[in-house]
Number of protein chains: 2
Amino acid sequence: MARKPSTKPRKQASQRRSRATVDALVEATARILVREGFDKASTNRIAEVAGVSVGSLYQYFPCKEALVAALADRHTREILRVVRGELAEAMDLPVEQAVRKLVAVAVKGHRVDPALHRALAEQIPRVGKLGDVATFNRDNYALFKAYLEKHRDEIRPVDPDLASFVCVTSIEALTHNAVLHHSKRFSDQAMLALIDEGTRLVVGYLTGREIRWPGCGEAESACARGSLRDNHGF
Amino acid sequence: MARKPSTKPRKQASQRRSRATVDALVEATARILVREGFDKASTNRIAEVAGVSVGSLYQYFPCKEALVAALADRHTREILRVVRGELAEAMDLPVEQAVRKLVAVAVKGHRVDPALHRALAEQIPRVGKLGDVATFNRDNYALFKAYLEKHRDEIRPVDPDLASFVCVTSIEALTHNAVLHHSKRFSDQAMLALIDEGTRLVVGYLTGREIRWPGCGEAESACARGSLRDNHGF
DNA sequence: ATCAAAAGCGAATTATCGCTCGTATTCTAA
DNA sequence: TTAGAATACGAGCGATAATTCGCTTTTGAT
């Protein structure tokens with residue numbers, strides 16, 4: 001691409017310390033968003049907190065929106081990284097275990113950076129390219145639908161679209177609210193109970209039967225069969 | 001209260017046409033929010049659309065945030081007005097009917113002014129006094145918990161707090177997403193199916209049994225196990 | 001009809017913020 | 001060593017918006 005030798009306000013690939021600059025900027029955006037709120041996140045403030053000048057900011061980001069988008073993207077990728085493996089595994093599990101894993105995975109995802117997740121969800125006007133929370137959820141939705149079709153003989157007859165909508169929406173809302181709005185109310189212990197309840201809700205819906213926990217008397221956690229135990233650690 | 005005769009920027013009770021002015025302002029805010037988005041909602045623009053001068057605006061609203069808060073409040077009250085009666089009725093119904101009524105009521109509430117509801121939910125940075133969506137939902141939550149305690153012998157043993165959280169969160173999320181994000185996908189017909197599914201989800205969770213639909217073709221439900229499968233087109 | 005209080009007005013005043021641009025500094029490679 | 005490219009700087013421009021204030025118009029009680 002033909003470039004004008006000077007004054008190139010458009011964004012730019014980076015090579016050395018510029019990498020650090022970009023990281024610092026995104027990180028500063030996150031910090032300000034979480035600690036001071038979206039409306040305090042002026043480009044000048046972001047640059048200041050990043051220990052960088054506004055000019056440098058505009059070397060790498062064409063506008064303020066791009067900064068927030070980059071941050072949201074980074075967050076999404078991080079969640080995906082943490083979760084992708086387990087999500088794939090679930091595809092081959094029988095219903096009850098698959099759903100349990102899904103719920104656990106949703107919790108884990110929301111715990112990657114709850115404060116940031118909340119700030120992103122609540123404070124960012126969902127406009128333009130920032131409205132793309134949808135894309136992420138569309139994936140979950142498609143994945144779940146695929147699961148339902150693959151395991152259709154283990155569940156009652158359902159419309160895959162409608163059922164996916166019901167299940168994915170419920171799981172997302174449950175974990176989102178629990179982690180982001182009630183983390184005080186939900187101890188780690190209670191979080192396990194929440195996973196149980198979410199599983200019960202969705203499995204009951206899909207199979208029409210109550211879950212038959214394998215003989216554990218302790219109501220509390222994860223009656224989970226052994227293998228499922230380890231993952232919902234911290 | 002001692003008042004300074006002139007220049008009283010704080011807000012004010014009103015008496016005559018001033019009522020109309022206030023209404024016009026709130027209404028204009030709603031229109032702009034829905035049609036042009038939050039960032040186009042400058043005080044000057046709001047006043048202009050309301051057919052009023054900025055000066056008048058500041059007679060009644062101390063700041064821009066107050067305007068939006070007033071609008072949100074008006075919307076909440078309207079939903080409550082539409083829904084309060086039916087909500088009370090549900091308290092005395094047996095589980096299955098109560099839950100069905102609840103889900104139907106949630107849909108009805110979200111249909112009061114979906115566009116505004118969506119704008120309020122998506123575009124307004126939830127900060128300060130605008131973060132009060134919580135209050136409203138806390139009521140639903142308490143109400144539901146009361147129901148569970150009253151009808152404890154009709155359901156399996158549950159922790160009322162946890163179960164309320166699960167049920168209220170699910171119902172809210174389901175109806176919110178259906179009405180606000182998928183209204184294209186959900187015809188009136190499909191909306192009935194959604195009510196069926198929401199009911200099934202929650203009743204199954206609370207009772208551990210699958211719903212036994214009364215003869216299909218009842219007015220109330222889109223039931224019809226057979227017909228459930230069609231019309232949620234693409 | 002009269003007048004004081006209430007309501008309304010809108011140009012002017014602040015205030016903020018996104019973003020640019022000319023310049024200074026640092027890096028890299030020959 | 002050194003030149004040119006990459007990176008960084010930050011005062012300041014321009015635009016937009018929130019809010020004010022002195023003034024006019026309307027209202028309603030007397």
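Note that these values count all heavy atoms, side chains included, but never hydrogens, waters or copies made by symmetry. A note on names: the letters A, B, ... follow the listed sequences, proteins ahead of strands, and every chain is numbered from 1.
Rounded to whole Å, the distance from CZ on A:R19 to P on D:dA6 is 16 Å. Distance A:Y60 OH to D:dA6 P: 11 Å, rounded to the nearest Å. One interatomic measurement links the two molecules: CD1 of B:I46 to P of D:dT19, which rounds to 11 Å at whole-angstrom precision. Distance B:F61 CZ to D:dT20 C1': 18 Å, rounded to the nearest Å. If you take CG of B:D39 and C1' of D:dA15, they are 15 Å apart, rounded to a whole angstrom. Atom P of nucleotide D:dA5 and atom CD of A:Q59 are separated by 15 Å, given to the nearest angstrom. If you measure from atom CG of B:L57 to atom P of C:dG10, you get 14 Å, rounded to the nearest angstrom. Taking atom CG of residue B:L25 and atom P of nucleotide D:dA18, one finds them 14 Å apart after rounding to whole Å.
Within a 6.0 Å radius of NZ in A:K40, no more than 12 heavy atoms belonging to other residues, nucleotides or ligands are found. Annotation: B:K108, atom NZ; neighbour count of heavy atoms from other residues, nucleotides and ligands within 6.0 Å does not exceed 12.
Mapping B:G55 and A:C63 onto DNA chain C via the closest heavy atom, the residue that lands nearer the 5' end is B:G55. Mapped onto DNA chain D by nearest heavy atom, A:A20 and B:R17 fall at different nucleotides, with A:A20 at the one closer to the 5' end. Nearest-nucleotide mapping onto DNA chain C: of B:N44 and A:V54, the residue sitting toward the 5' end is B:N44.
Contact annotation: A:Y58 does not reach the phosphate of D:dA8 (side-chain N/O to OP1 or OP2, under 4.0 Å). Proximity of A:S56 to the phosphate of D:dT7: no side-chain N or O atom is located under 4.0 Å from OP1 or OP2. Dashed line: the shortest gap from a side-chain N or O of A:T21 to OP1 or OP2 of D:dT7 is not under 4.0 Å. In this model, the phosphate group of C:dC17 is not approached by any side-chain N or O of A:T43 to a distance below 4.0 Å at OP1 or OP2. At least one side-chain nitrogen or oxygen of A:S18 sits closer than 4.0 Å to the OP1 or OP2 atom of D:dT7.
Each of B:H182, B:H176, B:H181 was compared with B:H110 under the ring pair (Phe, Tyr, Trp, His ring centres under 6.0 Å) criterion, and only B:H176 meets it.
Counting heavy atoms from C-beta outward, B:V54 and B:Y58 have side chains that approach closer than 4.5 Å.
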Show, in sequence, the C-alpha distance, side-chain angles and deciding distance for B:R111 and B:D188, and conclude whether the salt bridge (Lys or Arg N to Asp or Glu O under 4.0 Å) test is met.
CA-CA 11 Å; B:R111 281 187 153 183; B:D188 280 9; 3.3 Å; yes
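Across all strands shown, B:S42 has heavy atoms under 4.0 Å from sugar-phosphate atoms exclusively, and none from any base.
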